[in-house]
Visitor: 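If you scroll down you'll find the structure; I have some questions about it.
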Amino acid sequence: MPKSRIRKKADYTPPPSKQAAVIKLENRGWVAPVMLAMFVIGLAWIVVFYVTDGSLPLDSLDNWNIVVGFGFIAAGFAVSTQWK
């Protein structure tokens, strides 16, 4: 029987290197200070409301002052979604 031909294996060629993705970093230095300021303002609003027995910060809002304080805190959480 005749010998079969020996196939020459191709040399290993590594896959082409991927280009590094260009990451466009936007300046988000404002996010952390604004977020923390909203948290502190909201907390201070609620604390002042309780300490002054409801006469401050706005007497006309009565118990809605609590909602305003939690609104500031919620706004702080909303701003925190922009933090990278």
Visitor: In the single-linkage hydrophobic clustering (I, L, V, M, F, W, Y; side-chain heavy atoms under 4.5 Å), do I66 and V48 co-cluster?
Guide: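 Different hydrophobic clusters.
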Visitor: If you group Ile, Leu, Val, Met, Phe, Trp and Tyr whenever their side-chain heavy atoms sit less than 4.5 Å apart, what else falls in with V47?
Guide: L43, V51
Visitor: For a quick test of reading the model, state the closest non-hydrogen atom pair linking D62 to F49 and the distance between them.
Guide: O-CE1, 3.1 Å
Visitor: Hey, any chance W64 and L56 share a hydrophobic cluster, counting ILVMFWY side chains that come within less than 4.5 Å of each other, even indirectly?
Guide: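 Result: no, two separate clusters.
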Visitor: Kindly give the heavy-atom pair with the smallest separation between M35 and G76, and that separation in Å.
Guide: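 Residues M35 and G76, closest heavy atoms: CG-O, 3.4 Å.
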Visitor: For the residue pair W83 and V34, establish whether any side-chain heavy-atom pair is separated by less than 4.5 Å.
Guide: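 A side-chain contact under 4.5 Å is absent here.
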Visitor: Taking side chain to side chain contact (heavy atoms under 4.5 Å, CB included) as the criterion, tell me which of N65, I73, I41 meets it with I46.
Guide: I73
Visitor: So which heavy atom on T52 is nearest to which on S55, and how close?
Guide: O-OG, 3.0 Å
Visitor: Test of understanding: clusters of I, L, V, M, F, W, Y form through side-chain heavy atoms closer than 4.5 Å, transitively. Do F72 and V40 belong to the same one?
Guide: no
Visitor: What I'd like to find out is whether the side chain of F39 reaches to under 4.5 Å of the side chain of F77, using heavy atoms alone.
Guide: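 Touching, per the 4.5 Å side-chain cut-off.
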